[in-house]
Number of protein chains: 2
Amino acid sequence: MADLADLAGVSKITVSRALADSPLVNIRTRTRVQELAREHGYKLNVSARNLRLRRSHTIAVIVEMKPSSDRTMWDPYPLTLLGGISQELTSAGYSVLLTTRQGSSAAAVQAADGVILLGQGVRQDAVRLYDKLGLPMVVWGAKSVGDSHVVVGSDNRHGGISVAERFVSIGRRHPVFIGNPDHPEIAERLHGFVDELARHNVKPLLMRRDEFTLSSGVDAVHSLSRRKARFDSIFACSDLLAMGAIRALVELGHQVPSDVSVVGYDDSPLGASFLPPLSSVRQNWQEGGMLLARKVLALVEGQPAESEMLPTTLVVRAT
Amino acid sequence: MADLADLAGVSKITVSRALADSPLVNIRTRTRVQELAREHGYKLNVSARNLRLRRSHTIAVIVEMKPSSDRTMWDPYPLTLLGGISQELTSAGYSVLLTTRQGSSAAAVQAADGVILLGQGVRQDAVRLYDKLGLPMVVWGAKSVGDSHVVVGSDNRHGGISVAERFVSIGRRHPVFIGNPDHPEIAERLHGFVDELARHNVKPLLMRRDEFTLSSGVDAVHSLSRRKARFDSIFACSDLLAMGAIRALVELGHQVPSDVSVVGYDDSPLGASFLPPLSSVRQNWQEGGMLLARKVLALVEGQPAESEMLPTTLVVRAT
DNA sequence: ATGAAAGCGCTAACAA
DNA sequence: TTGTTAGCGCTTTCAT
């Protein structure tokens with residue numbers, strides 16, 4: 001910058017101001033300096049600026065990457081979240097520092113202006129851990145009572161309700177829920193489902209399955225059949241589970257959807273091109289990511305931010 | 001740090017050294033300072049350190065995120081790459097700055113010590129663009145002749161060869177290749193496939209399909225059938241394509257694998273739990289990510305680094 | 001409209 | 001083994 005100042009015959013500070021497009025600087029000097037900078041390939045030293053401004057213009061995104069075969073954030077659809085976050089932060093002039101939970105103790109995370117915590121697992125411990133950083137933080141997941149953090153998530157409860165409504169409206173009386181309610185988000189879906197059904201005096205069967213895989217869905221249905229359970233509809237907590245369930249149903253000679261209706265979750269492209277095309281609850285991950293980003297930025301700038309749930313929609317296809 | 005120095009009754013530099021665990025500092029002073037730092041919640045100012053050291057300890061990972069429905073890096077499997085990169089960089093004390101191609105002009109990217117370019121598309125333009133940053137750079141993809149960059153990728157050519165070998169060994173004489181050879185990586189697979197088949201006087205049919213989707217696979221087979229092409233084996237460039245092809249084959253009354261053998265690519269969990277379980281070429285993304293990371297770090301430290309191709313394995317299942 | 005001085009928090013080089 | 005000095009490259013405050 002000093003060199004540039006010499007070249008332009010002005011002082012360092014004028015260069016600084018010119019590059020920041022400050023109206024304090026005469027328009028002609030400004031453009032001249034900017035051109036000079038371009039010509040000479042001048043690169044602003046970000047560290048120096050950050051030191052001076054005491055701001056890193058960086059948001060740390062912490063991904064809970066469990067080693068288990070549980071649904072992790074490296075799964076396909078949640079990653080659209082990252083896309084949304086990245087898009088929004090970038091266009092606001094912030095960068096995304098990506099970390100896993102393991103590496104998050106690194107110095108660079110403390111340097112961030114804010115934190116976005118992405119994790120669907122048992123959340124409270126992670127939240128407490130990062131709270132200690134004392135940075136503005138926004139969490140993706142389900143809002144639990146007495147939790148003072150800003151949480152963004154999709155309206156899982158409403159997702160469950162909408163499936164219950166659908167089942168009731170097509171005359172189903174013996175629904176099954178497949179999933180792992182240890183995840184707060186899944187628990188919400190279950191609660192919505194159960195509560196809405198209860199209003200119609202229907203009580204669903206809970207098939208607890210920890211993994212979100214195809215074979216887990218197959219297994220759940222086999223298990224239902226083995227114990228001769230009576231059921232006419234299945235709400236599975238992921239499209240993969242739902243597809244597994246359908247496969248098992250077909251193997252066992254059931255018709256989908258005439259004998260048994262099946263609804264999945266996530267509305268993945270895969271489910272949509274499944275045979276038969278899967279009915280599923282859609283959540284808008286991209287939008288969720290953008291919202292997360294906007295909320296941290298608000299907090300970073302000292303503005304208030306509220307928790308917010310994104311709407312979910314039941315997409316009815318052939319199952 | 002100055003405060004800490006006062007507290008400990010030493011100078012700033014001693015604190016600096018103590019926190020860096022320098023053997024120059026007496027072990028007792030060292031531990032005392034470290035404890036004081038912990039107690040008082042001292043946080044190193046990363047920007048200041050970066051400014052002083054002229055190093056950001058950050059590697060920018062640039063993801064080519066095309067708006068098209070082409071295979072993008074936000075697809076499930078390539079993301080395991082990110083996992084590998086992140087793991088390796090983190091444990092080396094580096095952070096990952098995640099950017100998409102759009103946002104990559106941001107100041108923060110220039111501040112990185114090195115760049116990892118992740119993109120499967122038409123690569124040369126992207127490479128040229130980031131070359132201008134003058135930073136150590138490593139590219140994921142296929143090595144093309146006359147390209148002086150460090151490229152890490154999986155041995156796509158060998159992947160193609162191994163499928164050809166398999167087809168020949170089980171007596172197939174009329175193979176089909178489904179995929180988009182505009183991607184350098186796919187082109188490599190095709191070349192390996194064609195060359196190896198040629199050694200056995202077999203010439204495959206190329207079914208060019210731009211999208212890597214299930215329906216694209218369905219469509220390719222329908223098209224083959226419509227034009228009454230003769231074929232007894234299919235090498236599809238992704239598991240999704242392969243699954244679509246199988247679905248279409250079954251619909252058309254063909255038996256898999258007795259009438260037609262099908263091999264996919266990526267060995268995705270989904271393919272493995274497909275019915276019938278899909279044969280597929282496995283590439284080790286995780287390992288690839290780690291390798292990419294190690295190569296940039298080498299370059300950053302001024303050591304030489306060579307391009308490297310990771311081995312691929314044909315996993316034979318039921319198709 | 002421009003500039004001079006000061007300092008953000010850290011560490012490398014050179015003393016002591 | 002510890003400390004002093006200097007300076008990384010930038011921007012804010014206060015002149016001019």
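Each chain gets a letter, A, B and so on, in the order the sequences are listed, and its residues count up from 1.
Here the nucleotide nearest the side chain of A:L44, chosen from D:dT2, D:dA6, D:dT11, is D:dT11. Here the side chain of A:R52 is nearest to one of C:dA1, D:dG3, C:dC8, namely C:dC8. Closest to the side chain of A:T29, out of C:dT2, D:dT11, D:dT4, is C:dT2. For A:K12, taking side-chain heavy atoms from C-beta onward, the closest of the listed nucleotides C:dC8, D:dG7, C:dA6 is C:dA6.
A donor and an acceptor atom, one from each side chain of B:S56 and B:N50, are nowhere located under 3.5 Å apart.
One interatomic measurement links the two molecules: CZ of B:R54 to P of D:dG7, which rounds to 12 Å at whole-angstrom precision. Per the geometry, CD1 belonging to A:I13 stands 16 Å off P belonging to D:dA15, to the nearest Å. Separating the CG atom of B:L51 from the P atom of D:dA6 is a distance of 18 Å, rounded to the nearest angstrom. Here the C1' atom of nucleotide C:dG3 and the CG atom of A:D6 are 14 Å apart, to the nearest Å. Between the C1' atom of C:dT2 and the CD1 atom of A:I27 lies a distance of 16 Å, rounded to the nearest Å. The nearest whole Å value for the distance from the CG atom in A:N45 to the C1' atom in C:dC10 is 13 Å. When the P atom of C:dC10 is taken as reference, atom CG of B:L53 falls 12 Å away, rounded to whole Å. The distance from atom CZ of A:R30 to atom C1' of C:dT2 is 14 Å, rounded to the nearest whole Å.
The residue among A:N26 and B:A20 whose nearest nucleotide of DNA chain C lies closer to the 5′ end is A:N26. Taking for each of A:M1 and B:V10 the nucleotide of DNA chain D with the nearest heavy atom, the 5'-most of the two is the partner of B:V10.
B:S47 comes within 4.0 angstrom of nothing in the nucleic acid, heavy atoms only.
The shortest distance between the side-chain N/O atoms of B:Y42 and the OP1/OP2 oxygens of C:dG9 is not below 4.0 Å. Taking 4.0 angstrom as the limit, A:T14 places none of its side-chain polar atoms (N or O) nearer than this to OP1 or OP2 of C:dT2. OP1 and OP2 of D:dC10 both lie 4.0 Å or more from every side-chain N or O belonging to A:S16.
The base of C:dG3 is paired with the side chain of A:R17 by a donor and an acceptor separated by under 3.5 Å.
The two residues A:V33 and A:L19 come nearest to each other via the heavy atoms CG1-CD2, 4.3 Å.
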Quick one, A:H149 with A:D131, criterion side chain to side chain donor-acceptor pair (under 3.5 Å). Give me CA distance, side-chain angles, the key distance, then yes/no. CA-CA 9 Å; A:H149 297 92; A:D131 250 357; 2.8 Å; yes
Using the side chain to side chain donor-acceptor pair (under 3.5 Å) rule, take A:D155 and A:T312 through it: C-alpha gap first, then chi angles, then the decisive distance, then the call. CA-CA 6 Å; A:D155 192 340; A:T312 51; 5.7 Å; no
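The pair A:D21-A:R30 counts as a salt bridge, with a side-chain nitrogen and a carboxylate oxygen less than 4.0 angstrom apart.
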